[in-house]
Amino acid sequence: MSRFPEDLRYSEEHEWVRGGNGNTVRIGITDFAAEALGDIVYVSLPTVGEEIAAGDSCGELESTKSVSELYAPVAGMVTAVNDALADAPETVNTDPYGDGWLFEVEVADLAGLEALLDAEAYAELTA
Amino acid sequence: MAAMYGVYHGSNGLKHIARRVHNATLILAEGLKRAGHTLQHDLFFDTLKIQCGCAVKEVFDRAGQRQINFRIYSDDTIGVSLDETVTERDLDDLLWIFGCESSSELVAESMGEETRGILSTAFKRTSKFLTHQVFNSYHSETNIVRYMKRLENKDISLVHSMIPLGSCTMKLNSSSELTPITWKEFANIHPFVPLDQAQGYQQLFRELERDLCEITGYDKISFQPNSGAQGEYAGLTAIKAYLNAKGERHRNVCLIPKSAHGTNPASAHMTGMKIQPVEVDKNGNIDIAHLKAMVDKHKDNLAAIMITYPSTNGVFEEDISDVCDLIHKHGGQVYLDGANMNAQVGLCRPGDYGSDVSHLNLHKTFCIPHGGGGPGMGPIGVKNHLMPYLPTHPVVALQLDKDACPLGTISAAPWGSSAILPISWAYIKMMGGKGLKHASEIAILNANYMAKRLEKHYKVLFRGARGYVAHEFILDARPFKKTANVEAVDVAKRLQDYGFHAPTMSWPVAGTLMIEPTESEDKAELDRFCDAMINIRQEIAEIEEGRMDSRVNPLKMSPHTLTCIMSPKWDRPYSREVAAFPLPFVKPESKFWPTIARIDDIYGDQHLVCTCPPMEVYESPFSEQKRASS
């Protein structure tokens with residue numbers, strides 16, 4: 001079964017957002033999304049320094065089944081991307097909430113996170 | 001075709017051809033110089049640009065007498081290009097046309113060895129090419145036909161069984177439609193010939209345009225785009241040109257539902273539009289509330305929406321007219337993706353329910369063969385207001401209105417891959433209005449029949465408000481992952497053992513199969529496919545119920561090759577018969593044997609390799625050399 005940690009916020013695009021580090025949030029895809037996509041073989045991430053708006057397409061996840069757009073769950077500037085995924089994209093499948101994170105964004109204010117779903121609401125969405 | 005040209009001729013053959021072409025050009029160049037003409041370049045391969053030493057008209061008059069066309073540039077220079085089909089006789093004609101008194105043979109004799117053209121310059125190629133064994137093995141007709149047949153035998157095609165690829169529309173490409181395009185009158189004419197020499201084609205364009213306008217409800221067709229994607233690009237560029245001309249250059253937002261074909265956002269991006277995704281609801285329809293919110297949010301900059309009807313989810317969305325109205329009310333244009341036109345022909349028309357422009361996949365709906373990489377044809381139909389912005393051409397003057405301000409040129413030939421248009425023309429003429437409508441009805445009926453038969457065994461993912469699917473439908477394979485460790489790919493691979501090509505997999509929804517039977521299949525074939533799917537469902541049930549191993553079973557181990565079945569070692573928990581002959585209709589005399597067993601998709605996607613083996617791999621173990629050395 002998919003599991004959704006309580007301390008994260010979730011988007012309807014099946015991404016998680018982790019706060020707790022000043023204005024920098026970390027973003028990844030959920031267990032549910034990773035399972036639906038299947039074996040991920042290539043990850044295309046935004047570039048560090050890029051300004052992204054919430055809802056913008058900012059990258060791609062390619063699995064053996066399909067290529068899926070990555071949408072920015074929050075607005076802000078990209079401050080880091082997970083370079084380790086270039087050599088080990090399967091980490092997104094094996095550890096979606098940990099080493100399989102995708103990128104980090106510095107948000108102007110954390111209020112944007114409030115608009116996202118909590119674990120319970122997200123669980124309902126994917127039920 | 002190009003690949004087999006390379007395989008047959010190989011590097012030596014191609015060099016020989018190139019040398020022949022170049023030599024002929026050298027002879028022509030020498031003759032032209034002697035006749036008092038000036039060449040623009042000293043160095044050339046097969047093309048000469050000539051400044052005439054006499055009146056150009058004189059040259060053209062003589063060319064007309066020998067039925068030869070030249071290219072004329074705007075500065076009155078003449079372009080001549082030779083290829084390997086040019087004979088000595090043609091060369092003599094050319095020399096005569098340009099007023100050279102000698103024959104090509106005499107010119108050649110007097111040229112001597114010192115005229116070596118490119119071969120005596122730094123541009124001569126010195127590196128090896130086409131070194132792979134495949135380009136060095138099949139240089140006789142006997143060998144090349146056997147090689148091509150061997151490749152053909154690996155392909156499962158419409159001559160074996162239905163190809164139920166959703167969205168791809170693998171319908172019949174009839175012989176009566178295809179034969180005429182091999183006739184020299186259609187096949188051997190250059191796209192830039194003077195229009196008075198191509199009146200048959202002109203008539204065909206006019207008639208096909210009239211028929212396509214009647215079918216779609218548009219006012220004008222441009223045949224220039226060579227594919228659906230190129231049609232999208234042309235259509236969106238026309239929209240952009242129209243908006244710019246209206247003084248609304250700022251409109252650059254293109255709304256695209258998430259279920260769209262991947263080419264939609266790609267085309268919109270290429271035209272410089274900003275893409276905004278629109279949500280799809282649980283029933284597979286455009287989320288109207290979200291669409292309204294997006295339209296409202298972007299109303300000042302809304303340029304267009306790109307939608308597919310019936311939708312890529314295989315549903316006739318009942319709100320389509322309202323969607324078009326909503327976009328128009330906010331100053332946008334509607335691009336209706338014509339990918340699924342085969343479910344509409346004779347039943348409804350994009351031009352009537354509110355679309356401004358569409359491309360038509362002539363290679364899907366109108367019978368041009370596809371699937372082997374083309375060529376396709378993606379002409380666009382437009383309403384009157386977009387007409388002035390259709391593509392033009394720099395060499396062949398298209399008939400344009402005086403107020404035209406064309407978007408530019410989007411493919412090399414003025415009417416795209418016009419040599420295949422006779423296929424669609426013939427299809428429409430042979431079917432007639434009634435026949436075309438009937439075809440759409442049967443395509444929809446076939447899909448609904450299959451959905452009905454299969455719904456007891458699989459979940460049909462989306463249906464319209466009245467419970468019907470359009471001309472295609474999606475089966476959900478996702479639940480089997482939990483219950484039996486089976487995924488869509490396992491079902492797709494297992495279908496090969498039953499002699500079928502897989503349906504479209506994981507599109508537009510990951511983990512599903514999309515089936516499109518088309519009108520070309522009869523009930524017996526639909527039933528055969530349904531029987532295969534139902535039997536596969538029973539195989540899944542055996543795994544679910546623990547009667548079959550969840551790792552080693554007919555699905556996970558599929559497809560089963562002849563090598564696998566013939567292997568002396570067989571330690572699987574199911575019989576060879578179940579593996580290779582799972583239903584009575586799979587018979588030895590008609591069995592299609594998959595040539596390759598299951599491959600590792602993950603490994604393959606991540607390890608791109610060049611498959612050039614060393615030459616010794618192809619040597620016989622019994623060759624003289626081997627025996628001598630062993």
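What you see below is based on every heavy atom in this structure, not just the backbone, and it leaves out hydrogens, waters and symmetry mates. Chain naming here is simple, since letters A, B, ... match the order of the sequence lines and numbering starts at 1 in each.
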**Q** Side chain, backbone, both or neither: which part of A/S66 has a heavy atom under 4.5 Å from chain B?
**A**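 For A/S66, the contact with chain B is made by the side chain alone.
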**Q** Determine the option with the most heavy-atom pairs under 4.5 angstrom with chain A, choosing from B/V489, B/I275, B/D601, B/I602.
**A**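 So the answer, after comparing B/V489, B/I275, B/D601, B/I602, is B/I602.
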**Q** Please rank B/G511, B/A510, B/G262, B/P277 by heavy-atom pairs under 4.5 Å with chain A and give me the top one.
**A**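 Winner by heavy-atom pair count: B/P277.
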**Q** Do A/P5 and A/Y10 make a side-chain contact, defined as non-hydrogen atoms from C-beta onward lying under 4.5 Å apart?
**A**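 When only atoms from C-beta onward are counted, A/Y10 and A/P5 do touch, with a gap below 4.5 Å.
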**Q** Pick whichever of B/Q276, B/K258, B/M505 has the most heavy-atom pairs under 4.5 Å with chain A.
**A**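 Of B/Q276, B/K258, B/M505, B/K258 has the most heavy-atom pairs under 4.5 Å with chain A.
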**Q** Quick one: CD on B/E317 to CD1 on B/I286, what's the gap to the nearest 0.5 Å?
**A**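 Between B/E317 CD and B/I286 CD1, I get 4.5 Å after rounding to 0.5 Å.
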**Q** Please round to the nearest 0.5 Å and tell me the distance separating atom CD of A/E50 and atom SG of A/C58.
**A**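 Result: 7.0 Å between the selected atoms.
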**Q** Below 4.5 Å from any heavy atom of chain B, which atoms of A/I40 appear? Answer side chain, backbone, both or neither.
**A**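 The backbone, not the side chain.
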**Q** With a 4.5 Å heavy-atom cut-off, do B/M533 and B/Y458 have their side chains touching?
**A**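 When only atoms from C-beta onward are counted, B/Y458 and B/M533 do touch, with a gap below 4.5 Å.
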**Q** Out of A/V41, A/D56, A/T64, A/V67, which one racks up the most heavy-atom pairs below 4.5 Å with chain B?
**A**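 Going by pairs under 4.5 Å, I would pick A/V41.
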**Q** Are B/K282 and B/F462 in a cation-pi contact, defined as NZ or CZ under 6.0 Å from the six-membered ring centre and within 45° of the axis?
**A**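 The answer is no; the distance or angle limit is not met.
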**Q** Is A/S63 close to chain B through its backbone or its side chain, or both, or neither, when contacts mean heavy atoms under 4.5 Å?
**A**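 Only the backbone of A/S63 comes within 4.5 Å of chain B.
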**Q** Is the backbone N or O of B/D300 less than 3.5 Å from a side-chain atom of B/H250, with the two atoms forming a donor-acceptor pair by type?
**A**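 Judged by distance alone, yes, a pair lies under 3.5 Å.
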